[in-house]
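Report on the structure given below.
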Amino acid sequence: MFAKVKSPVFIDSLKLEVSSSVPACLKAVLKDDKGSVCSTFETNTARVNSEYIWQNLNHLPYGVYTLEMSHGEEEMKMRLVKRV
């Protein structure tokens, strides 16, 4: 696993921890329970271990989301919950 989210529950931001041996483009997509894209995040990772804060998620309604991330050729998905 190249990345992890600090907590599977969020309010208005997500903290992404990326560990990779190769710098590459990190792309993340947050989808609601119907599969619609709600927000996207993209950055180039320059260091081997990096932390990124995905902000401005307070406009999203409360509920369950799927986070899809890719870093180079690696991909992963995880379920998240937005709460009050």
Side-chain angles (χ1 to χ4, degrees):
M1 181 163 51
F2 64 89
K4 64 180 179 178
V5 176
K6 193 72 172 171
S7 172
V9 178
F10 70 99
I11 298 173
D12 61 355
S13 65
L14 287 170
K15 187 175 191 177
L16 308 173
E17 298 176 352
V18 180
S19 59
S20 177
S21 58
V22 180
C25 181
L26 172 68
K27 294 180 183 179
V29 177
L30 198 58
K31 295 182 178 182
D32 64 15
D33 58 347
K34 296 175 186 159
S36 300
V37 175
C38 299
S39 186
T40 59
F41 178 84
E42 190 171 334
T43 188
N44 290 317
T45 59
R47 294 174 291 183
V48 175
N49 294 316
S50 305
E51 286 187 357
Y52 301 95
I53 305 293
W54 186 352
Q55 297 181 333
N56 301 322
L57 300 175
N58 53 346
H59 70 283
L60 298 175
Y62 306 117
V64 178
Y65 291 85
T66 301
L67 174 62
E68 298 177 355
M69 291 191 289
S70 63
H71 186 258
E73 294 185 14
E74 296 181 86
E75 295 182 357
M76 63 182 289
K77 288 184 182 182
M78 66 177 54
R79 291 175 53 91
L80 303 174
V81 176
K82 179 168 182 191
R83 67 172 181 85
V84 177

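In what follows, residues are counted from 1 in the order of the sequence shown. This structure is a prediction, so every number in the text was calculated from the model and none was measured.
Listed by chain and residue number, Asn58 satisfy the side chain to side chain contact (heavy atoms under 4.5 Å, CB included) test with Asp12 (two or more places apart in sequence, or in another chain). With sequence neighbours excluded, the residues forming a side chain to side chain contact (heavy atoms under 4.5 Å, CB included) with Thr40 are Val29, Val37, listed by chain and number. Scored by the side-chain hydrogen bond (donor to acceptor under 3.5 Å, both in side chains) test, Lys27 finds no partners at all (sequence neighbours excluded). The side chain to side chain contact (heavy atoms under 4.5 Å, CB included) search around Arg79 returns Val64, not counting sequence neighbours. Residues forming a side-chain hydrogen bond (donor to acceptor under 3.5 Å, both in side chains) with Glu75 (at least two apart in sequence, or on another chain): none. Gln55 is linked by a side chain to side chain contact (heavy atoms under 4.5 Å, CB included) to Ser13, Ile53, counting only residues two or more places apart in sequence or in another chain.
One finds the CG atom of Leu16 at 10.0 Å from the OG1 atom of Thr43 (value rounded to the nearest 0.5 Å). Taking CG of Asp33 as the reference point, atom NZ of Lys31 lies at 13.0 Å (rounded to 0.5 Å). The CG atom of Asn44 sits 8.5 Å away from atom NE2 of His71, with the distance rounded to the nearest 0.5 Å.
What you find for Cys38 and His59 is that their closest heavy atoms are O-NE2, 4.2 Å. Here the closest heavy-atom approach between residue Gly72 and residue Ala24 is recorded as N-CB, 3.9 Å. Across all their heavy atoms, Tyr65 and Lys82 have their closest contact at CE1-CB, 3.9 Å.
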Step by step, work out the side chain to side chain contact (heavy atoms under 4.5 Å, CB included) result for Lys77 and Leu67.
CA-CA 6 Å; Lys77 288 184 182 182; Leu67 174 62; over 6 Å; no
Chi angles and distances behind the side chain to side chain contact (heavy atoms under 4.5 Å, CB included) call for Ser7, Lys15:
CA-CA 8 Å; Ser7 172; Lys15 187 175 191 177; over 6 Å; no
Side chain to side chain contact (heavy atoms under 4.5 Å, CB included) between Trp54 and Phe10, intermediate numbers included:
CA-CA 11 Å; Trp54 186 352; Phe10 70 99; over 6 Å; no
For side chain to side chain contact (heavy atoms under 4.5 Å, CB included), just list the numbers for Met69 and Val18, CA-CA rounded to whole Å, side-chain angles, deciding distance to a tenth of an Å, and then say yes or no.
CA-CA 11 Å; Met69 291 191 289; Val18 180; over 6 Å; no
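Met76 and Tyr52 fall within the same hydrophobic cluster, defined by Ile, Leu, Val, Met, Phe, Trp and Tyr side-chain heavy atoms under 4.5 Å apart, directly or through other members. Taking hydrophobic clusters as Ile, Leu, Val, Met, Phe, Trp and Tyr residues chained together by side-chain heavy-atom distances below 4.5 Å, Leu26 shares a cluster with Met78.
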